[in-house]
Number of protein chains: 2
Amino acid sequence: MLIIYVVGLGGIKVEKEISQAVIRRMPRYYRYLGELLDEGVERISSNELSSRMNVTASQIRQDLNNFGGFGQQGYGYNVKFLHDEIGKILGLNQRHNIIVVGAGNLGQALANYVKFEKLGFVIIALFDVNPALKGKTVRGIEIHMIDEMEDFLKTHDVDIAALTMPKQKADAVAKKLVDSGVHAIWNFAHVDLELTDKDVVVENVHLSDSLMQLSYNIVKNQSAKEK
Amino acid sequence: MLIIYVVGLGGIKVEKEISQAVIRRMPRYYRYLGELLDEGVERISSNELSSRMNVTASQIRQDLNNFGGFGQQGYGYNVKFLHDEIGKILGLNQRHNIIVVGAGNLGQALANYVKFEKLGFVIIALFDVNPALKGKTVRGIEIHMIDEMEDFLKTHDVDIAALTMPKQKADAVAKKLVDSGVHAIWNFAHVDLELTDKDVVVENVHLSDSLMQLSYNIVKNQSAKEK
DNA sequence: TAGATTGTTAATCGATTAACAATC
DNA sequence: TAGATTGTTAATCGATTAACAATC
């Protein structure tokens, strides 16, 4: 459904890879369409949406047309329909079970965040090495000891593992997860995971990198003012 | 120091803007150089670094040369020197005071994260609306009531405000912060802040967007396997 | 000096924007 | 039908990679 095929030179169907630049923008479209939906807006043109979102109408149309023709000439896009379609593209029409490895502050913060559940991402367990946390719960979600993880993975359908433990342990844990069949890692540890299995998808959230980017822009602004 | 001037057509100096694509990569260089430093490596060529980091040597040299010539022909780059220089570029040679607005799980997680302090980012206070939190501390950092925020900003030198409160309140808080002279916002609320002051820098951390990107790639992989 | 490797220019690739024919 | 707006092709812009002269 998601993947667009284009006819290659020899008439053989070739998969058209959609760039990550486009993917990065999709959740933002989804968010704006959700807001329009809440406002009771029924239809929107790429032009109206572009002025709301501060992107070009051209980019919106190009981005969407990577996945199909969701609009109608002379009419624009139906907000509800487009919202749903982008939801499907982003996999929000299916449930994703998450485990959080590392039940420290960040791990618990993720477990407490109700928003994810509304999007279909359900945290079903946390794991930690700290015996003091054993059996405790966060918003009803149990914290297990990490040595129970492999067994847990055998008996539960886990899509995503969020890594919120210290970076020193991240690689070993990631390897264990992948060996147990987890195919997606949401990595908050400040390392580039070294995974051999190419089919595992990794999404990094490097908070200190983000902070450094911010800091760069602060310093840049300072220098601009001194000028 | 940071800004490179190039001579424009009329001989007038024109500021050369460095693309955010480059900036995004700088913290990663910084991290790898830090690791090399820990390993006791004294010098490195763009070629060696490129194979470690999985980027092209050409990109490394291009990126660095946006900020100056840090290497030496026939030798490569001095690890310590380059690490320091990138640190300066990213503003890590100066202290940045942070306040966290929203002392929920995420806000407290940030306050507990010691790593930031090592990079020069010091969280000096948290703010919240919840009276139950008044006077409590996180890692020794006090939680204040949000109505004390403006006074606090008058008496303290705050560079960065991290927004970790619900998105409904984010815009109003951001406006108040900017009016009180805060010029950098690290925004964890799931909205695009509407700020009129162009000199304020905003860095967004949209966790649900990140999760949706991951989800997209999961679904894409699934479809690829079904093929 | 010869070899290594940078800094930098030129070539390529990809992403964004503009334009417009198709069509609702 | 006329007007509006998409889907899509073409043009432009920017970022990445390749190549190589400069130089340590």
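Every chain is numbered from 1, with letters handed out A, B, ... down the list of sequences.
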J.: Suppose we call a contact any N or O donor and acceptor under 3.5 Å apart; does that hold for the side chain of A/Gln62 and the base of D/dT6?
T.: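 No such pair is found, so the answer is no.
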J.: Compare side-chain N and O positions of B/Tyr77 against OP1 and OP2 of C/dA4 and report whether any pair is under 4.0 Å apart.
T.: no
J.: Kindly state whether the ring of A/Tyr29 and the ring of A/Tyr32 have centres lying under 6.0 angstrom apart.
T.: no
J.: Determine: side-chain N/O of B/Gln59 to OP1/OP2 of D/dT16, distance under 4.0 Å, yes or no.
T.: yes
J.: Can you tell me the base-pairing partner of D/dG7? Count Watson-Crick or G-U wobble geometry only, both distances below 3.5 Å, and say none if there is no partner.
T.: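 Because both required distances fall under 3.5 Å, D/dG7 counts as paired with C/dC20.
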J.: So, applying side-chain contact (heavy atoms from CB on, under 4.5 Å) with A/Leu126, which one of A/Ile99, A/Ile98, A/Leu110, A/Val100 is it?
T.: A/Val100
J.: For a quick test of reading the model: is some side-chain N or O of A/Thr56 closer than 4.0 Å to OP1 or OP2 of C/dT16?
T.: no
J.: For A/Gln20 and B/Asn217, which I'm curious about, is there any donor-acceptor pair between the side chains at under 3.5 Å?
T.: yes
J.: State whether B/Tyr75 and B/Arg43 meet the cation-pi test: NZ (Lys) or CZ (Arg) under 6.0 Å from the six-membered ring centroid, and within 45° of the perpendicular axis.
T.: yes
J.: Among D/dA15, C/dT6, C/dC24, find the nucleotide with the atom closest to the side chain of B/Ser46.
T.: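 Of all the options, the side chain of B/Ser46 is nearest to C/dT6.
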J.: Does the ring center of A/Phe121 lie less than 6.0 Å from the ring center of A/Trp186?
T.: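 No, ring centres 6.0 Å or more apart.
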J.: Measure the distance from CD on A/Gln72 to P on C/dC24 and round it to the nearest whole Å.
T.: 7 Å
J.: Determine: side-chain N/O of B/Arg25 to OP1/OP2 of D/dT16, distance under 4.0 Å, yes or no.
T.: yes
J.: Is it the case that the base of D/dA18 and the side chain of B/Ser58 share a donor-acceptor contact (distance under 3.5 Å, atom types as modelled)?
T.: yes
J.: Between the base of C/dT5 and the side chain of B/Glu48, is one N or O donor paired with an acceptor at under 3.5 angstrom?
T.: no
J.: So if I take every side-chain heavy atom of B/Asn65 and compare against D/dT5, C/dT5, C/dT8, which nucleotide ends up nearest?
T.: C/dT8
J.: For A/Asp63 and C/dG14, what is the distance between atoms CG and C1' respectively, to the nearest whole Å?
T.: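 About 14 Å, once rounded to whole Å.
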J.: Would you please confirm or rule out a distance under 4.0 Å between OP1 or OP2 of C/dT6 and any side-chain N or O of B/Arg61?
T.: yes
J.: Does D/dC13 have a Watson-Crick or wobble partner in any strand here, with both distances under 3.5 angstrom, and which is it?
T.: C/dG14
J.: Specify the separation, in whole Å, of atom CD1 of A/Ile18 and atom P of C/dA15.
T.: 12 Å
J.: Nearest to the side chain of A/Ser19, heavy atoms from C-beta on, is which of C/dA15, D/dT5, D/dA15?
T.: C/dA15
